Undergrad: 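My questions will all concern the structure given below.
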Amino acid sequence: MAKDGPNWDGLLKWSIANSDGTQPTRNLSEEDKRWFMEAMQSQTVDVIKRMKEITMVMQTPEQVLEAQGVTAADIEDMLDELQEHVESIDMANDLHSIGGLVPLLGYLKNSHANIRAKAAEVVSTIVQNNPRSQQLVMEANGLEPLLSNFASDPDVTVRTKALGAISSLIRHNKPGIAAFRLANGYAALRDAVGADSARFQRKALNLIQYLLRENHSDCNVVNELGLPRVMLHLASSEDAEVREAALRGLLELARDKTGGSNGGLGEEDEKLKQILEERIKGISLMSPEDLGAAREERQLVDCLWSTCYKEPSSLREKGLLSLPGEDDPPPDVASKHFEPPLRGWAANHTGDSKPSVKKQEAPLLLGPIPPN
């Protein structure tokens, strides 16, 4: 890192000179330097203008940025800011129109792992529940570098962030799901569920469950890859969220009508029964606090047992499937402290037919008090 921070002066001059060729390089005044430093280091009112400035930096070659003292940490901070802007769907869609989407996707191939991870996180924000941006990223071949990072990046954080972006990109996106399948995405998911990172495993299992729910014919692919065995192993994981994610995936396989009596699980039936019995035993030994936290796991175990063996699990007999008070709404202990003025005013006037000594006025809402 340079002693005095990035040379924004030199970077701005280079960007202006090489962006469109219409403006000559010029020496910056102190006022211009001050404006540029403030623009790069703080939020601005004009979001589109700010996104254009960020786009200009993303379009600048890495070696030029380094020559001007811009570090990887500076780029990460810039991407953090961009992520805040694109949380708005309109801003996310505008990123492509101002030329920022393609250089952002280029950061997925950056030499710095943190930048690759942050770029994937921004892409995930852009495409989440946003069909237009999903289409734009697909048209810009954004799925390819995401798949590459997910499958083979040496940094597990980069792989995890890329998987998160892929999950957001292909959800409710049939062309995206088709492209993921053609790119052998299930093989990459198999490797992911076998990784050492619990977070990486959870994301992979959640995506598997979503894909199976969308298309049960994929159960055949999952079986051929040996994923049920891995999922059965993870159903006994020490991480509660990994266990639940594995059970959800197994439930989707069990619901598949093409895989025999127990759905798509097939030859894993005996192992599955043993795992479920172990989970039932483990749940039975839980403290009341742990039982409350394991509500979803209890329901998944019972549902999976019922689906496979056509009978309720012993959790029902033991009274552990639904604990007392779980289905009751939480007690209302705060509303009286936050009673709306109109409600309180109405209660005072309807509960007493005799006029009070001191006349109370109606609360002022949208205008002056109406005449009596």
Side-chain angles (χ1 to χ4, degrees), residues 1-88 91-92 94-126 140 142 145-146 148-149 153-162 165:
M1 180 182 293
K3 282 186 177 181
D4 299 327
N7 183 1
W8 296 116
D9 186 347
L11 176 59
L12 180 60
K13 288 192 290 185
W14 188 95
S15 300
I16 292 175
N18 293 274
S19 57
D20 57 9
T22 60
Q23 298 183 17
T25 303
R26 62 184 178 87
N27 293 326
L28 295 179
S29 66
E30 289 300 319
E31 183 179 356
D32 288 336
K33 293 178 184 178
R34 188 165 51 253
W35 169 84
F36 191 70
M37 286 297 293
E38 291 175 354
M40 292 302 295
Q41 295 175 356
S42 66
Q43 297 287 344
T44 60
V45 175
D46 190 341
V47 176
I48 289 294
K49 181 180 179 182
R50 182 67 183 130
M51 288 171 59
K52 288 180 179 178
E53 293 167 356
I54 294 174
T55 294
M56 185 179 294
V57 176
M58 291 194 297
Q59 291 171 336
T60 304
E62 187 174 351
Q63 62 271 22
V64 176
L65 294 174
E66 291 177 353
Q68 302 298 335
V70 180
T71 66
D74 295 323
I75 299 299
E76 290 177 56
D77 291 341
M78 182 188 71
L79 292 176
D80 276 330
E81 181 187 344
L82 179 62
Q83 185 173 7
E84 293 179 6
H85 295 321
V86 297
E87 285 178 355
S88 161
M91 294 298 104
D94 284 341
L95 184 64
H96 175 71
S97 62
I98 64 176
L101 180 59
V102 172
L104 172 63
L105 296 175
Y107 272 167
L108 294 170
K109 302 177 182 179
N110 193 274
S111 60
H112 297 279
N114 289 346
I115 293 179
R116 296 196 300 274
K118 176 54 66 174
E121 196 172 349
V122 178
V123 172
S124 181
T125 301
I126 289 172
L146 287 172
S148 176
N149 289 359
D153 198 281
D155 189 284
V156 68
T157 301
V158 175
R159 296 183 68 189
T160 304
K161 297 292 186 181

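Just so you know, residue 1 is the first one in the sequence shown, and it goes up from there. Only heavy atoms go into these numbers, but all of them, side chains included; no hydrogens, no water, no symmetry mates. Not measured: the values here are computed from a predicted model.
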Undergrad: Could you give me the CA-CA distance, side-chain angles and deciding distance for Glu87 and Thr125, then say whether side-chain hydrogen bond (donor to acceptor under 3.5 Å, both in side chains) is met?
TA: CA-CA 6 Å; Glu87 285 178 355; Thr125 301; 5.8 Å; no

Undergrad: Compare all side-chain heavy atoms of Thr71 with those of Asp74 and state whether any distance is below 4.5 angstrom.
TA: yes

Undergrad: Can you list the residues that meet the side chain to side chain donor-acceptor pair (under 3.5 Å) rule with Ser97, with sequence neighbours excluded?
TA: none

Undergrad: Taking the side chain as C-beta and beyond, is there a heavy-atom pair between Val122 and Tyr107 under 4.5 Å?
TA: no

Undergrad: CG/Leu95 to CG/Leu104 distance, rounded to the nearest 0.5 angstrom?
TA: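 Taking CG in Leu95 and CG in Leu104, the distance rounds to 6.5 Å.
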
Undergrad: Is the shortest heavy-atom distance from the side chain of Gln68 to the side chain of Gln63 under 4.5 Å?
TA: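 A side-chain contact under 4.5 Å is absent here.
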
Undergrad: Report, one line per pair, each donor and acceptor closer than 3.5 Å where one atom sits in a side chain of residues 113-121; sequence neighbours left out.
TA:
{"unit_1": "Arg116", "atom_1": "NE", "unit_2": "Asp153", "atom_2": "OD2", "d": "2.9"}
{"unit_1": "Arg116", "atom_1": "NH1", "unit_2": "Asn110", "atom_2": "O", "d": "2.9"}
{"unit_1": "Arg116", "atom_1": "NH1", "unit_2": "Ser111", "atom_2": "O", "d": "3.4"}
{"unit_1": "Arg116", "atom_1": "NH2", "unit_2": "Asp153", "atom_2": "OD1", "d": "3.2"}
{"unit_1": "Arg116", "atom_1": "NH2", "unit_2": "Asp153", "atom_2": "OD2", "d": "3.2"}
{"unit_1": "Lys118", "atom_1": "NZ", "unit_2": "Asp80", "atom_2": "OD1", "d": "2.6"}
{"unit_1": "Lys118", "atom_1": "NZ", "unit_2": "Glu121", "atom_2": "OE1", "d": "3.2"}
{"unit_1": "Glu121", "atom_1": "OE1", "unit_2": "Lys161", "atom_2": "NZ", "d": "3.4"}

Undergrad: Which heavy atom in Met51 sits nearest to a heavy atom in Met91, and how many Å separate them?
TA: CE-O, 3.4 Å

Undergrad: Contact between Glu53 and Met56 at the side-chain level, heavy atoms closer than 4.5 Å - yes or no?
TA: no

Undergrad: Could you walk me through whether Glu81 and Asp77 pass side-chain contact (heavy atoms from CB on, under 4.5 Å), step by step?
TA: CA-CA 6 Å; Glu81 181 187 344; Asp77 291 341; over 6 Å; no

Undergrad: Identify the heavy atoms of Ala165 and Ser124 that sit nearest to each other, and give their distance.
TA: CA-CB, 3.7 Å

Undergrad: Tell me the closest heavy-atom pair linking Asn149 and Arg159, and the distance in Å.
TA: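 Shortest heavy-atom separation between Asn149 and Arg159 comes out as O-CG, 3.3 Å.
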
Undergrad: Would Met58 and Leu79 count as a side-chain contact (heavy atoms from CB on, under 4.5 Å) if you check the C-alpha gap in whole Å, the side-chain angles of each, and the deciding distance to 0.1 Å?
TA: CA-CA 9 Å; Met58 291 194 297; Leu79 292 176; 4.2 Å; yes

Undergrad: Taking all non-hydrogen atoms of both residues into account, name the closest pair between Thr55 and Gly99 and its distance.
TA: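 It is CG2-O, 3.4 Å.
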
Undergrad: Does any non-hydrogen side-chain atom of Val123 lie less than 4.5 Å from one of Leu101?
TA: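 Heavy-atom side-chain distance check fails, nothing below 4.5 Å.
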
Undergrad: With rounding to the nearest 0.5 Å, note down the distance linking CD1 in Ile48 to CG in Asp94.
TA: 4.0 Å

Undergrad: Can you tell me how far CD of Glu84 sits from CZ of Arg50, rounded to the nearest 0.5 angstrom?
TA: 11.0 Å

